[in-house]
Amino acid sequence: NGKEAVDKFLMEPLKYDAILMDVQMPVMNGYQSTESIRRSGHARAKTIPIIAMTANAFHEDVVKAYESGMNGHLAKPVDYQQLFQTIKSFLEEG
């Protein structure tokens, strides 16, 4: 669930280079989880790439992902080449 994603990041923020965030999760959805991570006090919370992975692929879904603090949006079913390229581009930036 989304709360677990937040808790795992907050417990070990240096363990992760990027976060692939499902948007539809119980307890906290991906938008809420992203906002919680971004608001946390951890140094990496503002800069770690968070990429939405969702079947919600309309323009407003992409906008909502960015508004919540996500850096990217990938629609399901996932194109693995696009996934790898997206992750690579964020890791090369950082």
Can [Y] be reached from [X] by stepping across I, L, V, M, F, W or Y side chains whose heavy atoms are under 4.5 Å apart?
{"X": "L74", "Y": "I19", "answer": "no"}
{"X": "L91", "Y": "F84", "answer": "yes"}
{"X": "I50", "Y": "L10", "answer": "yes"}
{"X": "M25", "Y": "Y31", "answer": "yes"}
{"X": "M21", "Y": "Y80", "answer": "no"}

Would H73 and I51 satisfy side-chain contact (heavy atoms from CB on, under 4.5 Å), going step by step from the backbone distance to the final call? CA-CA 6 Å; H73 179 282; I51 302 162; over 6 Å; no
Does L83 form a side-chain contact (heavy atoms from CB on, under 4.5 Å) with L20? I'd like the steps, not just the answer. CA-CA 10 Å; L83 171 64; L20 302 177; 4.0 Å; yes
Nearest heavy-atom neighbours spanning [X] and [Y]:
{"X": "M53", "Y": "K76", "result": "O-CE, 3.6 Å"}
{"X": "V23", "Y": "M70", "result": "CG2-CE, 4.5 Å"}
{"X": "I48", "Y": "D17", "result": "CG1-O, 3.9 Å"}
{"X": "F9", "Y": "Y16", "result": "CA-CE1, 4.1 Å"}

Output, in order, the C-alpha distance, side-chain angles, deciding distance and verdict of salt bridge (Lys or Arg N to Asp or Glu O under 4.0 Å) for K88 and E92. CA-CA 6 Å; K88 181 181 176 194; E92 287 174 346; 3.8 Å; yes
Could you list all the side chain to side chain donor-acceptor pair (under 3.5 Å) pairs where at least one residue sits in residues 57-68, not counting sequence neighbours? none
Only pairs at least two apart or in different chains count here, so list each side chain to side chain donor-acceptor pair (under 3.5 Å) that has a residue in residues 32-52.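 As it turns out, the side chain to side chain donor-acceptor pair (under 3.5 Å) pairs with a partner in residues 32-52, which skip direct neighbours, are R38-N71.
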Would you check if M28 and V6 make a side-chain contact, meaning some heavy-atom pair closer than 4.5 Å?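 Yes, close enough: below the 4.5 Å cut-off.
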Evaluate Q24 against N29 for side-chain contact (heavy atoms from CB on, under 4.5 Å), listing each step before the verdict. CA-CA 5 Å; Q24 297 180 14; N29 66 38; over 6 Å; no
Evaluation steps, side-chain contact (heavy atoms from CB on, under 4.5 Å), between F58 and V62: CA-CA 7 Å; F58 293 109; V62 176; over 6 Å; no
